[in-house]
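Working notes, beginning with the structure itself.
One-based numbering, in listed order, for ligands and for the atoms of each. These numbers come from the heavy atoms of this one structure, side chains and all, not from hydrogens, waters or symmetry mates. Since we're looking at a predicted model, the values are computed, not measured.
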Amino acid sequence: MRRIKSLNQKINTVLVLLALGASHPVLAQKSDPNMGIVPAPVSVSKGKGAFKFTPETIVLVDSPNHKAIKFFKEYLRKAGLATSVTDMSTVDKKRMSLTNTVYLNMTFSDEMRPEGYELNIDGDGIELRGHGAGMFYGIQTLIQLIEPGSKGYATIPCGKVRDFPRFPYRGMHLDVARHFFDVAFIKKYIDVMAMYKLNNFHWHLTDDQGWRVEIKKYPKLTEVGSKRAQTRVGRESGPTATGMFDNTPYGGFYTQEEVYEIVNYAAARYINVIPEIDLPGHTMAMIAAYPELSCDKSKTYQVGEKWGVYDDFVCPTEETFKVLFEVLNEVMDMFPSKYIHIGGDECSKVAWKRSQVCRDIIAEKKLMNEEGLQSYFVSRIAKHVQSQQRQVIGWDEILEGGLAEGAVVMSWRGTKGGIAAAQLGHDVIMTPGSGGMYFDHVQSKSPQEPLSIGGFAPLDKTYNYEPVPSVLNKAQQKHIIGVQANLWTEYIATPGKVEYMLLPRMLAMAETGWTPTQIRDYKDFANDRLPHQLALLDNLGYNYRVPVAIGAVDTTMKGSKFTVVLEPSVEGAKVHYTIDGTEPSATDLIYSAPLEFKIPEGSTVTLKTIVVTPSGKTSVSTTAKMQN
Ligand code: ACM
């Protein structure tokens, strides 16, 4: 019932109230304090008027070869704005005009927070100050403010922005094991992460259903491990499970050359790529390729074809460690990331419990049980990674049986693991499914949502997640280094569906990671800033879940008179509606002014709405029953 106020029930009138926000960006910027920027900056002071970018505008830079500046040059070229940028050192300062100038300034004496920037826009010009990532993020903010005109012209509203992130770690994960996504798509994914100032791409490269990264020393990992004979159709379990497979071979992997390409592409956008080699569970693809790494060498193993947790996985023998260390060495050669993710989740321990070899290791190493064996396994892997001056990240199961020294914990099974790890003095990345951080979860209760693994993570739940648990004291809270959302792809086979599940929730998560808690405001985000951002994403060719119309709700209301005020959830989109109970489509009535309803006594009018964007994307429908 958000946005619906029941007024004057005595005369049986219910009004649907809505602040008449604007669908045009300039107006939207008037109604929100953040100039439409996502994630909302630390401080914004809106000015009057606008800076006009023209073909005569001079773009001055003091660090022409810096990667952030190169990124901006490329943006300007693509946007058809300035054709050249001028190196400050070539300009006669005395004769320099300060009008019609965009100045990107990396040399300044002010103290600036890590990744921070300052952006000043007035009628005469723009000055952006920041170092490295800060300059890059300032550029991202500036790009969000540029309203393109015809060729060579653009309008940028005046204002001042002071900004820096709340957390140093702002991550987005993608599972490419369950389904594979090509290099072009990974770049597109990285592009949208960069737009919203995320700085870590967690690349889930290996799992039961596929090994997706070339390892030269162990070629069968991809020759065998990247291919599965078929894939589960529909849900794995529950009342709608089909029990069927598609009988279609599936595969794909990244060559080392492609990995370098991605790592460099991401680095140019201040995004670190964290590879995940999921160990010791989730290794069916690995033992299908090298059965000698399993606990029962007499068995043959197949790359996983269904979802869920498998009984079989690698055996913690010296032979396995030797192979894994060599695999990890190649991985560390490819990925300069300070963090290397070693998985650790959902290890069933079934194969270990059946194994005499494991019982012998448990006895020899004086471990308590299989949990102790997992802890021993993770510690050995962690030590190896740390010996190469890297830090390990593991899912929160790595806490069980004792946490490896220096390990960073990703808290996914709620926040308990994260809290415990922070209390032990370990750094923590919060990514709880219960906090709306699992983007494979469904985004609404509508039956029109596509097939998903289940769970429920609507946009407001993701937005309102607070990553720092109040039970931690100040010192422990510092160990929460950031947030991440995860996108597992069992039920996501296409780029379009990845984008549908990612957007717009990723923008909400990005704001959680960047914006100070006290200025986070869901209504301002969803109603005043998101419509413009979604139009930008539409223009850039991204798919996304179109939110239902602002003001539209699934509800039943009692009364004789209703006024319904709606607004498209995407700038430039239209709201279509029916009042006869049928499902609306793009050929139905278009909302253009508040709808007035008088409901005869004993009757019900059913208002159904959808939003249709200019590119034809459609929201799920809403149903409001008005009964008298
Ligand atoms: C996980 O979702 N298994 C980390």
>> Can you confirm if the NZ or CZ of K445 lies within 45° of the ring axis of F456 and under 6.0 Å from the centre of its six-membered ring?
In response: yes

Between ligand 1 and the protein, which N/O pairs fall short of 3.5 Å?
unit_1: ligand 1; atom_1: 2 (O); unit_2: Y438; atom_2: OH; d: 2.5
unit_1: ligand 1; atom_1: 3 (N); unit_2: D345; atom_2: OD2; d: 2.7
unit_1: ligand 1; atom_1: 3 (N); unit_2: E346; atom_2: OE1; d: 3.2

>> Listing request: all side chain to side chain donor-acceptor pair (under 3.5 Å) pairs with a residue in residues 279-293, at least two apart in sequence or in separate chains.
In response: D207-H282, D208-H282, H282-D345, H282-E346

> Who pairs with R354 by salt bridge (Lys or Arg N to Asp or Glu O under 4.0 Å), at least two apart in sequence or on another chain?
Replying inline: D311

>> Please enumerate all residues that pass salt bridge (Lys or Arg N to Asp or Glu O under 4.0 Å) together with D521, with sequence neighbours excluded.
In response: none

>> Looking only at the side chains, is there a donor atom on one of Y463 and E511 sitting less than 3.5 Å from an acceptor on the other?
In response: yes

> Counting distance only, does the side-chain N/O of K227 pair as donor-acceptor with the main-chain N or O of E223 below 3.5 Å?
Replying inline: yes

